[in-house]
Colleague: 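Structure below; questions to follow.
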Amino acid sequence: MKNSLKYLELFRDMVISRMELEHSLGTDIYKLKLDCPVEIETVHVIGALKQYKEGQITRDRLIEWVNVVWFSDAFDYKDEQQDSIASVMI
């Protein structure tokens with residue numbers, strides 16, 4: 001489980017792709033169930049958008065990241081930042 005969290009944090013921070021994440025976890029990210037999901041904060045969303053703006057990642061990679069963060073049970077938004085994050089990701 002500890003290694004799973006490490007890989008999820010690497011994905012959250014845009015260090016590894018979804019394919020690399022799933023390969024490391026040995027499962028489809030949408031099938032992964034965690035007792036304590038990895039927290040997403042505004043700083044992570046800003047970082048992802050900044051990487052896209054600076055041409056470090058493609059539009060497809062950004063969309064992939066948003067979809068995984070939004071639709072998998074592996075990630076959750078920091079409580080007091082939920083509204084801010086949701087408004088940007090829509």
Side-chain angles (χ1 to χ4, degrees):
M1 181 59 80
K2 188 174 184 178
N3 279 342
S4 295
L5 292 176
K6 178 181 96 170
Y7 291 116
L8 290 165
E9 289 170 350
L10 288 172
F11 179 81
R12 175 198 63 195
D13 298 338
M14 304 287 293
V15 175
I16 62 174
S17 68
R18 175 183 169 189
M19 185 185 309
E20 292 168 310
L21 173 63
E22 289 180 343
H23 177 74
S24 299
L25 297 175
T27 188
D28 183 323
I29 187 65
Y30 296 106
K31 295 178 181 176
L32 187 65
K33 302 295 181 202
L34 299 173
D35 293 331
C36 185
V38 173
E39 196 168 68
I40 300 291
E41 298 181 27
T42 54
V43 67
H44 302 116
V45 177
I46 292 167
L49 292 171
K50 184 177 178 185
Q51 284 187 42
Y52 173 69
K53 181 181 176 187
E54 294 175 354
Q56 297 172 3
I57 61 169
T58 64
R59 180 178 184 265
D60 288 343
R61 175 98 185 265
L62 179 63
I63 291 170
E64 174 185 75
W65 184 85
V66 169
N67 286 334
V68 170
V69 167
W70 194 314
F71 296 115
S72 76
D73 292 330
F75 297 94
D76 199 9
Y77 305 137
K78 187 170 185 168
D79 286 341
E80 59 269 14
Q81 298 176 358
Q82 284 183 1
D83 291 338
S84 296
I85 292 170
S87 70
V88 171
M89 292 179 63
I90 291 179

Colleague: Which residues satisfy the side chain to side chain donor-acceptor pair (under 3.5 Å) test with Asp13, sequence neighbours excluded?
Modeller: none
Colleague: How many angstroms lie between atom CZ of Phe75 and atom CD of Glu39, to the nearest 0.5 angstrom?
Modeller: 12.0 Å
Colleague: Ignoring hydrogens and angles, write down the donor-acceptor pairs under 3.5 Å from the side chains of residues 49-60, residues two or more places apart or on other chains.
Modeller:
from	atom 1	to	atom 2	distance (Å)
Glu54	OE1	Gln56	NE2	3.0
Thr58	OG1	Arg61	N	3.0

Colleague: How long is the gap from CD on Glu41 to CZ on Arg12, to the nearest 0.5 Å?
Modeller: 7.5 Å
Colleague: For Ala74, enumerate each residue passing the side-chain contact (heavy atoms from CB on, under 4.5 Å) test, keeping only those at least two apart in sequence or located in another chain.
Modeller: Leu8, Ile29, Leu32, Leu34, Ser72
Colleague: Looking at Ala48 and Leu62, what are the two nearest heavy atoms and their distance?
Modeller: CB-CD1, 3.9 Å
Colleague: If hydrophobic clusters are built by linking Ile, Leu, Val, Met, Phe, Trp and Tyr wherever their side-chain heavy atoms come under 4.5 Å apart, do Ile46 and Ile40 end up in the same one?
Modeller: no
Colleague: Please report the C-alpha distance between Leu10 and Leu21 in whole Å, then the side-chain angles of each, then the deciding distance to 0.1 Å, and finally whether the side-chain contact (heavy atoms from CB on, under 4.5 Å) criterion is met.
Modeller: CA-CA 8 Å; Leu10 288 172; Leu21 173 63; over 6 Å; no
Colleague: Report yes if the side chains of Arg18 and Glu22 come closer than 4.5 Å at any heavy-atom pair, otherwise no.
Modeller: yes
Colleague: Assess whether side-chain contact (heavy atoms from CB on, under 4.5 Å) is satisfied between Tyr30 and Val68, documenting all intermediate values.
Modeller: CA-CA 8 Å; Tyr30 296 106; Val68 170; 3.7 Å; yes
Colleague: Not counting sequence neighbours, which residues clear salt bridge (charged side-chain N to carboxylate O under 4.0 Å, His left out) with Asp73? List them please.
Modeller: Lys33
Colleague: What about Ile63 and Phe11, same hydrophobic cluster or not, with Ile/Leu/Val/Met/Phe/Trp/Tyr joined at side-chain heavy-atom distances under 4.5 Å?
Modeller: no
Colleague: Side chain to side chain donor-acceptor pair (under 3.5 Å) with Ser17: which residues, sequence neighbours excluded?
Modeller: Glu20
